Every structure is written in C-alpha cells, then in structure tokens.
Amino acid sequence: MISEKMVGLVKNSSVIRAMFEEGKKMAAEFGRENVYDFSLGNPSVEPPEAVKKAIIEVAQDPDQNHIHGYMSNAGHDEVRSAIADNINRRFGTGFDASNIVMTVGAAGGMNVIFKTLLDPGDEVITFCPYFGEYKNYVSNYDAKLVEIEADTGSFQPKVEKLAGALTKRTKVVIINSPNNPTGVVYSRATLERIAAILEEKQKELGTSIYIVSDEPYRELAYDGVEVPYIPTIYRNTIVGYSFSKSLSLPGDRIGYLVIPSEIDDYKDIFAAAGVATRILGFVNAPSLAQLFVSKCLDASVDLEIYNRNRELLYNSLKSYGYECIKPEGAFYLFVKALEPDDKAFAARAKEKHLLLVPGSTFGCAGFVRIAYCVDYDMIRRALPAFEALAKEYKGE
Ligand code: PLP
C-alpha cells in the first residue's frame with residue numbers, strides 16, 4: 001500500500017509528462033510526422049561540440065578514482081571554483097568554491113534548498129504562472145505554496161500583491177526568469193521593486209526571507225535582453241542554476257546552487273545544503289557531469305535555432321488571430337486559449353493532433369503553453385492545424 005500522501009501526488013501527477021506519453025502513443029497510431037507535440041520542454045538543439053570534447057577528455061583522465069569516486073557532498077572543489085570564477089567574470093560578484101553546491105539539475109537544487117530552509121507550515125511564494133513542479137517540491141517538506149495571481153497583460157509578476165502575501169511564515173519567494181511557461185524576462189525595475197518590498201518586510205517582521213532564483217533558462221534570452229543577476233539586487237538570494245537547457249543536457253542531471261556568503265545564516269545554510277544533498281539520497285551531483293560541464297562554462301547551445309522557431313510560431317499565430325506576448329527568453333509561448341476553459345481548448349487542439357499544455361497546470365487558467373524546442377519543420381507542418389483551429393472557433 002503506497003502512502004496516503006503519494007496517493008494524492010500520483011493522482012495529480014504531471015499533466016505535461018502524461019501528454020508526452022500520449023504524444024508517443026499518437027505518433028505510433030497516426031505517424032510521427034502527423035502529430036505536433038509541443039508539450040515537453042525537452043531541448044531539441046544539440047549540445048555544443050565542446051561538451052563531447054570535454055566528456056572524452058574527462059573519460060581519458062589518468063586519475064580514474066578522482067573521476068568516479070566519492071567526494072564532498074557539495075561537489076568537486078575545482079569544479080566549484082571554476083563555476084565561481086565564471087560567475088564573477090560575468091556578473092562582477094566575489095564568489096568562491098565555498099559559495100557553490102553542485103546539484104542534480106535545478107530540480108535537485110530546489111529540493112536541497114527547500115529541505116535546508118523549510119519547516120512544516122512554512123510558506124513559499126510563487127508568482128503565477130509558474131512551473132507546476134514547485135507545488136510538489138514544497139509539499140515534500142510539508143510547507144505551503146502561496147500563489148500570487150498573474151498579470152495576464154504583461155506576465156511580469158504582480159508586485160503590488162507581494163507585500164500582502166508575506167507573513168511571519170514566509171521563508172522563500174521563488175523567482176523564475178526567463179519564465180516557464182511565459183518566456184517573459186522579469187525586468188530590473190520589477191526585481192528592484194520586489195527587493196525593496198522584501199527588505200522592508202524582513203525589518204518589520206524580524207525574519208529572513210530568501211529569494212530562490214530558479215534559473216534553468218538564464219542563457220536562453222533573445223535580442224540582447226538583460227537577465228539581471230538577482231544576488232546583485234537583493235542580498236538574501238540563493239540561485240539555482242542548471243545546465244539542462246543552456247547546454248541541452250537534461251538527462252545528465254547537473255546544476256548548482258549559489259549560496260552567497262552575505263546571506264543571513266550563510267554558514268549554517270551552506271553546511272545544511274551539503275547534508276541535504278547527502279540525505280536526500282543524491283550524496284553528490286554526478287561526478288562525470290560535474291567535471292565535463294566545468295570545461296564548458298563559456299559554451300552555449302545555438303540560440304539562433306530556437307530564435308527561428310520563436311519568430312515563425314509567434315508571427316504565424318498572431319496572423320491567425322491568437323493573442324500572446326512575444327517571449328524574450330526560454331522556449332515557450334503562452335497563448336490565450338480561444339475559450340475560457342483551457343483544458344477544453346487543449347482537448348480541441350488535440351483533435352487536430354496539436355499537443356498543448358493547459359495553463360491551469362501553471363496556476364493560470366485560460367491559456368495554453370506551447371514548447372517550441374522542437375524541429376522547425378514540425379512547426380511548419382503544424383501551422384495549418386493552428387490556423388484551422390482558430391477558424392473553427394471563429395465559426396468560419
Ligand atoms: N525549473 C523550471 C522553471 C523548469 O522549467 C525546469 C524544467 O523544465 C526545472 C526547474 C527542472 O530543471 P532540471 O532539468 O535542471 O532539473
């Protein structure tokens with residue numbers, strides 16, 4: 001008999017994953033070229049060549065016990081130093097290895113930091129729409145996810161609702177920019193307003209409120225848009241980074257946390273994050289992946305491929321009458337459903353073999369998410385289906 005808590009979790013298990021599985025079934029039935037699966041954020045661009053070279057280099061290292069052995073729970077020292085140096089060069093910070101904990105992707109990092117910070121009943125704030133897995137990560141530690149409603153005009157966070165949502169139990173505010181599911185990049189002005197509210201509230205309540213900046217899409221930003229580095233804006237910031245999307249390595253499960261020395265209770269938090277890494281069963285992030293990504297810190301996937309997809313899909317959908325914000329980052333479009341019920345709309349889209357994820361999965365009903373980290377040709381083939389769907393709703 002599985003646990004009661006798991007019964008609920010299994011029942012509400014990821015809609016996105018379910019659609020991904022459904023897509024595979026439909027491909028078998030109708031032929032792969034006739035199914036347009038926009039459900040999963042699985043990178044379609046190949047990892048850069050530097051990754052392959054680095055893997056070979058690491059595999060051939062004469063010190064095989066170092067490559068494959070246990071290490072500090074926080075990860076290899078030289079990897080953490082290389083990452084700290086890279087961040088310092090890019091953002092003018094002053095980190096060293098003692099500020100970096102290697103993690104099993106962003107998901108592993110979020111779980112490590114939540115295990116470190118959260119007591120049962122603590123509150124974690126998230127701005128809608130948000131990555132639905134946050135609900136599960138927070139519930140792993142019996143804390144409560146508090147949603148702040150979406151600004152469906154700009155999809156910037158509704159900052160004016162933040163102060164009212166902060167309580168003595170608020171431990172964390174999650175920021176995810178570039179955002180999944182909207183592709184919106186939070187502006188510096190918005191982040192500065194959030195920082196000012198949190199500073200004031202910390203003083204008023206006498207508590208520490210940490211921003212956890214979930215950054216798997218940091219490197220996926222278009223047209224030179226600035227993605228501000230939040231530790232330089234708000235002192236109590238912990239960053240969760242991942243190489244899943246920046247280097248197209250989601251299966252290798254590698255990322256890191258940045259825990260700045262300036263945050264409240266730094267020493268305890270850094271030490272506890274190492275223990276959390278161990279007792280959650282990760283023990284340490286995968287050694288080989290740590291070592292090869294540390295040689296690819298300046299590499300990146302070819303962003304122009306995603307950009308081409310973004311332009312084609314955005315411009316085409318607009319021309320068919322769909323409403324949507326042009327995303328500045330990540331590889332998602334968040335499109336207004338053509339009827340109020342986003343699930344019903346996604347079901348109608350599925351009849352045309354378009355697999356889209358309902359916005360309610362992200363705490364924002366009335367929209368659907370389209371992941372455009374797919375083949376350009378699949379988008380081209382899917383366009384008539386999008387157009388036919390719009391026409392159907394218009395009664396044409
Ligand atoms: N956070 C967000 C916003 C995501 O979109 C994802 C994955 O899609 C993750 C975290 C998890 O990423 P990772 O594969 O690095 O664990």
Side-chain angles (χ1 to χ4, degrees), residues 20 40-72 74-91 95 97 100-110 112 178 180 214-222 227 229 239-258 277 282-310 329-332 371-376 378:
F20 179 63
L40 192 63
N42 198 12
S44 54
V45 176
E46 278 195 6
E49 197 56 31
V51 167
K52 206 187 291 171
K53 267 178 64 187
I55 292 173
I56 293 168
E57 215 177 286
V58 174
Q60 289 174 337
D61 190 302
D63 189 354
Q64 288 289 297
N65 286 342
H66 179 66
I67 307 298
H68 297 292
Y70 284 127
M71 69 197 76
S72 309
H76 286 294
D77 293 340
E78 72 274 24
V79 169
R80 290 155 53 215
S81 291
I83 288 172
D85 290 348
N86 182 270
I87 299 171
N88 295 340
R89 264 199 312 279
R90 295 175 63 191
F91 305 114
F95 301 133
I100 309 292
V101 176
M102 299 307 294
T103 64
V104 178
M110 301 284 282
V112 164
N180 177 6
D214 179 27
E215 305 196 346
Y217 302 100
R218 162 162 291 283
E219 320 303 347
L220 273 53
Y222 308 104
V227 184
Y229 202 61
V239 176
Y241 186 90
S242 165
F243 295 93
S244 292
K245 321 283 166 153
S246 63
L247 295 178
S248 287
L249 302 172
D252 292 284
R253 312 304 307 134
I254 189 72
Y256 59 81
L257 288 169
V258 183
T277 299
F282 302 131
V283 182
N284 54 251
S287 175
L288 193 66
Q290 288 189 42
L291 291 161
F292 77 72
V293 294
S294 74
K295 295 176 185 294
C296 305
L297 296 176
D298 291 318
S300 162
V301 292
D302 183 353
L303 210 54
E304 192 39 43
I305 299 177
Y306 291 136
N307 191 31
R308 210 161 74 109
N309 290 357
R310 176 181 75 129
F331 38 48
Y332 305 109
Y372 59 81
C373 45
V374 296
D375 209 33
Y376 186 78
M378 189 192 94

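Computed from a predicted structure; not experimentally measured.
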For the [atom1] atom of [X] and the [atom2] atom of [Y], what is their distance to the nearest 0.5 Å?
| X | Y | atom1 | atom2 | answer |
| --- | --- | --- | --- | --- |
| Leu291 | Ile55 | CG | CD1 | 11.5 Å |
| Leu247 | Leu249 | CG | CG | 5.0 Å |
| Tyr217 | Phe331 | OH | CZ | 5.0 Å |
| Leu303 | Arg308 | CG | CZ | 13.5 Å |
| Arg310 | Leu220 | CZ | CG | 11.0 Å |

Taking only residues two or more places apart in sequence, or in another chain, which ones meet [X] in a ring pair (Phe, Tyr, Trp, His ring centres under 6.0 Å)?
| X | answer |
| --- | --- |
| Phe292 | none |
| Tyr372 | none |
| Phe91 | Tyr229 |

Tell me whether [X] contacts the main-chain N or O of [Y] through its side chain, where contact means a donor paired with an acceptor under 3.5 Å.
| X | Y | answer |
| --- | --- | --- |
| Ser248 | Pro43 | no |
| Arg218 | Tyr241 | no |
| Asn309 | Val374 | yes |

Measure the shortest side-chain to side-chain distance between [X] and [Y] over non-hydrogen atoms and say whether it is less than 4.5 angstrom.
| X | Y | value |
| --- | --- | --- |
| Tyr256 | Ile87 | yes |
| Ile100 | Val258 | yes |
| Glu215 | Pro178 | no |
| Leu297 | Ile83 | yes |
| Met102 | Asn284 | no |

#### Entry: side-chain hydrogen bond (donor to acceptor under 3.5 Å, both in side chains): pairs with one or both residues in residues 287-299, sequence neighbours excluded
Glu57-Lys295, His76-Ser287, Asn86-Asp298
#### Entry: Qualifying side-chain hydrogen bond (donor to acceptor under 3.5 Å, both in side chains) pairs, either residue in residues 41-55, two or more places apart
none
### Query
Tell me the salt bridge (charged side-chain N to carboxylate O under 4.0 Å, His left out) pairs involving residues 79-88, sequence neighbours left out?
Asp77-Arg80
